[in-house]
Amino acid sequence: MVNEFVYCPRLSFLEWVQGEWDDNLDTIEGRWVHRRVDKEPATDVPAPPDDEASSADGGDAEALALTARSVLLSSDRLGAIARIDLLEAEGREATPVEYKRGAVPDIPNRAWDPERVQLCLQGLILRDNGYSCAAGVLYFAESKTRVKVAFDESLIEMTQDAVQGTRAMAEGGRLPPPLRDSPKCVRCSLSGICLPDETRAWSGEPPDEVRRLVPARPDALPVYVQAQGGTIGKRGDALHVTVPDEPPVSVRLLDASALSVFGNVQLTTQAMRAVCDEGIPVTFHSSTGWLVGVLNGGLGHKNVLLRVRQHAVAGATEASLEIARRMAEGKILNQRTLLRRNHAAPDRRLLATMAMHARQTRGARAVDQLMGIEGMAARLYFSALPQLLKGAGAWASQRFAEGGRNRRPPKDEVNAVLSFVYALLVRDCNLAAAVVGFDPYVGFLHAPHYGRPSLALDLAEEFRPLVGDSVTLNVFNQGEVVEKDFVRRARGVALSPTGRRAVISAYERRMNQTVTHPMFGYVVSYRRVVELQARLLRAVLMGEAEHYRAFTTR
Amino acid sequence: MRRRYLVAYDVSDAQRLRRTYRVMNGFGDPVQYSLFVCDLSPVERQIMHERLTAVINLKDDRVLIVDLGAADSRLAASFDVLGRQLAIGRDSYQATVI
């Protein structure tokens with residue numbers, strides 16, 4: 001914790017106060033280097049290693065050389081606990097050894113300050129436990145080198161400052177600001193959660209360049225099982241999906257970011273256990289896409305501070321209303337953009353009215369008023385949307401134009417696809433909210449309502465035209481769904497299994513499509529954008545961003 | 001982001017062989033006996049390395065890991081299959097819809 005504080009206070013706060021963790025190659029290799037000291041007892045020393053900690057606690061150092069691994073010691077005076085990877089003692093003379101995965105850095109001290117401070121703190125704790133300790137050793141695994149670190153006055157002072165600074169930071173309860181243009185961020189495992197450059201940009205003091213520190217598109221992708229009668233089992237470290245009359249499909253757990261199950265599909269306990277272990281969320285849907293349940297691996301997100309803040313702000317009218325305004329405005333602007341770009345001859349008056357509605361959101365004094373403006377814009381928008389169905393999709397235009405937007409159940413084919421795609425979108429927003437640590441049920445634009453994932457619906461608003469409507473138009477106009485892909489029932493229209501499959505594929509293609517981020521200038525997939533927006537909302541609530549900015553395209 | 005690896009193993013004990021196969025199933029597709037093609041990120045490669053080290057006997061067994069390059073569609077061309085055909089690698093960035 002003190003080590004991280006010296007490296008970056010924000011990292012220390014995220015990891016130790018908020019319980020955020022993410023692995024990268026460095027942390028995994030670090031754990032690998034520590035595997036012996038973390039687990040196995042020492043084999044090459046005569047003294048029993050496991051209970052060394054207790055005898056060392058007593059402070060009665062025996063006059064013989066001993067080596068102990070993974071020694072846990074504490075000091076009340078410093079208020080600190082240390083786990084010493086390797087303790088080498090001879091009489092009262094003790095030397096802590098700390099394992100590091102990398103090579104010896106080519107700098108004057110032959111060690112970075114965070115490591116030196118960490119080691120020095122171990123030394124100070126040893127001193128408080130009755131040992132005398134003048135120096136420690138850093139063992140660099142990659143270069144197999146020991147570097148001796150002497151605990152001189154300046155290092156001790158730096159260490160004591162760091163301990164105090166860490167305590168003050170933790171007690172202050174405020175997330176420290178990110179480092180500015182720091183090369184440290186590039187190899188930091190939490191850069192995707194911390195978002196150093198993005199946070200600076202949101203707070204109104206943008207860095208020279210916003211570096212994209214996470215890949216544009218994640219490697220792992222969602223897995224959907226919608227074939228009725230299917231079974232999802234586990235074979236090795238892979239999900240094994242069998243569907244009657246079809247060859248089985250195996251998906252590596254590495255490749256699955258989320259699992260979605262539609263209708264009558266079995267999920268074995270073994271598979272459920274495996275996805276929980278890997279932290280892969282499972283969403284359960286009705287066969288028409290309605291989200292009926294979420295299985296989140298582990299025990300939920302630990303970021304309590306954010307949830308407390310979310311509930312406080314969601315109750316306070318002005319701050320909550322400001323977020324809601326921006327969301328509604330973003331949605332109207334994106335709807336207008338969709339019409340402007342896809343309509344052969346857009347009605348200028350209609351576009352102008354929609355632009356006016358977008359402006360009006362800024363002046364809305366209550367959420368009801370905001371919803372009214374949003375509703376007026378939506379009516380205009382959906383009146384023009386049928387004209388965008390052309391080519392292979394022209395057949396669906398007529399019935400959609402007659403009924404307008406309707407749902408529960410949708411009464412025509414276009415509405416059936418819209419409802420289904422929105423359900424997929426809300427699911428992804430739900431998962432994004434959960435990943436950031438939000439309570440998905442407390443929103444800002446959508447009023448709290450029993451069982452309604454209001455925050456997920458909030459986050460989805462600006463993406464409805466960008467993702468939902470654009471996918472819908474595409475599947476019709478490209479002929480990916482045709483008339484026989486729908487089932488007409490007495491009360492409404494629903495997608496058939498093949499239709500559903502085509503729509504899911506189209507939706508996933510869209511989410512993987514990359515766009516240039518209007519604010520950061522780098523290229524990201526829509527999937528990442530959804531998560532970025534959820535993290536922006538976090539920054540707004542935690543006072544790190546001036547205000548919420550909806551994601552809009554030109 | 002990911003790279004494609006060819007992983008071949010010689011394991012001299014039947015139990016360890018089965019375990020190695022099971023571990024490898026989580027990382028790639030079996031293409032021949034004791035031969036897998038795996039698309040892995042640096043992190044995933046390191047995890048595979050650790051999992052294999054835990055299973056095999058470092059004195060008696062051997063695992064060979066060959067880096068074939070970035071895992072994109074062009075790589076499929078570097079495989080030539082005679083006889084029974086086989087699809088190698090998958091289209092990354094395509095969600096699985098069943």
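Only this structure's heavy atoms are used, side chains among them; waters, hydrogens and symmetry mates stay out.
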Neighbour count >12 (heavy atoms, 6.0 Å) for atom CZ, Arg235(A):
no
Can you find a heavy atom in the side chain of Leu254(A) that is under 4.5 Å from one in the side chain of Arg2(B)?
yes
Considering all heavy atoms, the nearest Asp237(A)-Arg51(B) contact
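Closest pair (atom of Asp237(A), atom of Arg51(B), distance): OD2-NH2, 2.8 Å.
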Arg252(A) versus Leu40(B), closest heavy-atom pair with distance:
NH1-CD2, 3.6 Å
Heavy-atom distance under 4.5 Å to chain B: side chain of Val223(A), backbone, both or neither?
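For Val223(A), backbone and side chain are both near chain B.
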Sort Val225(A) into side chain, backbone, both or neither according to what part of it lies under 4.5 angstrom from a heavy atom of chain B.
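Both parts, backbone and side chain.
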Below 4.5 Å from any heavy atom of chain A, which atoms of Glu50(B) appear? Answer side chain, backbone, both or neither.
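Interface part for Glu50(B): both.
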Select one option (side chain, backbone, both, neither) describing which atoms of Tyr21(B) are under 4.5 Å from chain A's heavy atoms.
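Contact with chain A: none, neither part.
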Under the side-chain contact (heavy atoms from CB on, under 4.5 Å) criterion, do Glu44(B) and Asp255(A) qualify, and how do the steps go?
CA-CA 11 Å; Glu44(B) 291 158 357; Asp255(A) 285 332; 5.7 Å; no
